[in-house]
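Quick note: numbers below take in every heavy atom, side chains included, and nothing from hydrogens, waters or symmetry partners. The structure presented is a predicted model; accordingly, all values stated were derived computationally and were not measured.
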Amino acid sequence: MKPTAAVTIGPARLVAVGTPEQPPLCGLLVDAGKLESFDVDRSLRLQREQEDWERIGSILVKLGLVSERDVAESLAGQLGLDLIDKVDYPDEVPGNGEIAQRFLKKNKTLIFDEDDDDLTVVMADPLDEYVVDALKLCSGKNLVPRLGIPSEIEFALDQLYDGESKAFGSADTDAVAAQYLDDVEQLKELAGEAPVIKLVNQLIHKAAECGASDIHIEPFEDQLKVRYRVDGLLREVESPPIQSTAAVISRVKIMANLNIAERRLAQDGRFKQRVRGVEYDLRVSTVPTMYGESVVMRLLQRDAVAMDFGSLGFNEAQEKTMRDVLATPHGILLVTGPTGSGKSTTLYAALKHLNQPQRMIITVEDPVEYNIRGINQMQVKPQIGLTFGNALRSIVRQDPDVIMIGEMRDTETAQIAVQSALTGHLVLSTLHTNDAAGSVMRLLDMGVQDYLLTSAVTAIQAQRLVRTLCTECREAYTPIDEVVARWGLDRYSDDKKITLYRSVGCDSCGDTGYSGRLAILEILMMSNEIRELVLKRCDVGDIACLAIEQGMISMRDDGLQKAVAGLTTIEEVLRVTPEPPTKSSGA
């Protein structure tokens, strides 16, 4: 039954939303930038085609276009109701408990408070006239509605009445889960059921809302652990029921077009998901573990990728140095650092800077993380023989001006890259080393001859990512003289009084004290003096010290400078940077 235009709850009169004739909720979501107009049309068409009428907000959530919180916040603003957070839900059932829990669970309604005159309830749908009238009739009191997020209400009801979460279904047991593991067809059916689809969509939506880069789903003997990687650090979130393990993992594998019957080998896939009106690419990796398959989903938001050096954390001098390196017609630019240090993002920013109509640019990547218009991007496929080495041999014959190699993994790739640089190509690539000077020895260890290396490499950039302080809650303090002297902080400020900041934590940053990340980096230019040290096979520390003498700012110094500027903390800088280089005893 379709709702009428208005509903009266106690003294308040609420205007209905989500009707097929006029869905103002959609307009609010579009105005907030969380929904596109063409998504509204598609959702309304689906609403009209359904046999049983359903509110537009529920349809938008099921389609993965917006989150439950997006709908609840917009609805609360339109109806003038308070949106109650789950932390404020009561720990015990208020009042005399006369209203049947079965009725409350079925209609996603939570008794929030009760006194002699008023019954305060948190509802997923305060416009449901049947539920409103039933509650008023049963209690004989004035109804005071509040708005809640449906999944949070369901979980709270399970906690209040059952003592545990049964969002996946009370009939599920370990024996049933084991049976599903042995029957692929049943597993497909289970993974396609509405509760499982909703659960996986919620995991993705919540990850996107908190700015997570990865979702880790890890099965253990007595728990299905879910963790989000936010600003480089893992954060554990509310775990789904253990009985849902097989279904949740199978649902993710189906979305990524992976083989759900294969649980003995690692698999990789990807899929797209629209969250809050934003398109995300999700890269999925599964590996077998003792209690099932561990799944990691990496969230890639194309529109949010910083494609300029300034927003990545480069200062003016570093940006100028990088642009000068990219202006050279040939040579190798290496970006180094551990996994998750933003190397690929830096290379994409370099490609965007180089992306001009007069240049032919080809990339070889594994995988292609972001598509850039005007650049030919190739993804390696080792299973059919398309390796980095084979791909590089082919693309050199394409007459490119710029070649980007996702990673130098082996001797063959490194040697072809060096030959390409020596024959007039600008080559960009990444390498896994701790610092810029260490990359030289890494290439020598990979079999690249020293005289070719010194001729081909133009510059090496090493970088790390540090969390940036939340500007809403960061707290200034004056460090003691010993700290200033130990780290030489007075080098980075013209004022005699050094001011640093510490993390505090607030609602806007999720009580972490940090919001976002930026790069701290060092750029080693291959000068003639450094080339001589390489040819003499000198120690890495000697090379690094000479580079610093010639003007290179080390990663730690760059980080400390940004800490003095109030962008991050000294603790963050020390957490991610290696020890400063020292000269060998024979230098």
For the pair Phe112 and Tyr89, name the ring-plane relationship: parallel under 30°, tilted 30 to 60°, perpendicular over 60°. perpendicular
Is the shortest side-chain N to carboxylate O distance from Lys141 to Asp118 below 4.0 Å? no
Under 3.5 Å, is there a donor-acceptor pair between the Gln273 and Asp281 side chains? no
When you check the gap from the basic side-chain N to the acidic O, do Glu572 and Arg575 get nearer than 4.0 Å? yes
Does Lys86 count as lying over the ring of Phe155, i.e. NZ or CZ under 6.0 Å from the six-ring centre, within 45 degrees of the axis? no
Any donor-acceptor pair under 3.5 Å linking the side chain of Lys253 with the backbone of Asn259? yes
Regarding Thr245 and Tyr291, is there a side-chain donor-to-acceptor distance under 3.5 Å anywhere? no
Closer than 4.0 angstrom, basic N to acidic O: yes or no for Arg69 and Glu152? yes
Hey, is Arg263 close enough to Glu293 for a salt bridge, meaning N to O under 4.0 Å? no
Does the distance from a Lys or Arg side-chain N to an Asp or Glu carboxylate O, for Glu475 and Arg502, drop under 4.0 Å? yes
Strictly below 4.0 Å, N to O, side chains only: are Arg227 and Glu218 in salt-bridge contact? yes
Within the side chain of Asn107, is there an N or O that forms a donor-acceptor pair under 3.5 Å with the backbone of Phe103? yes
Are any of the side-chain nitrogens in Arg467 or Asp231 under 4.0 Å away from the carboxylate oxygens of its partner? no
Check whether Tyr501 forms a cation-pi arrangement with Arg474 (NZ or CZ under 6.0 Å from the six-membered ring centre, at most 45° off the ring normal). yes
Any side-chain donor-acceptor pair under 3.5 Å between Ser239 and Gln223? yes
Test item: side-chain donor near acceptor, Glu114 and Thr120, under 3.5 Å: no
Here the pair of heavy atoms bringing Ser151 nearest to Gln202 is CB-NE2, 3.1 Å
What's the verdict on side-chain contact (heavy atoms from CB on, under 4.5 Å) for Phe309 and Gln318, showing C-alpha distance, side-chain angles and the deciding distance? CA-CA 9 Å; Phe309 297 117; Gln318 291 166 336; over 6 Å; no
Validation row: Asp268, Arg283 side chains within 4.5 angstrom (heavy atoms): no
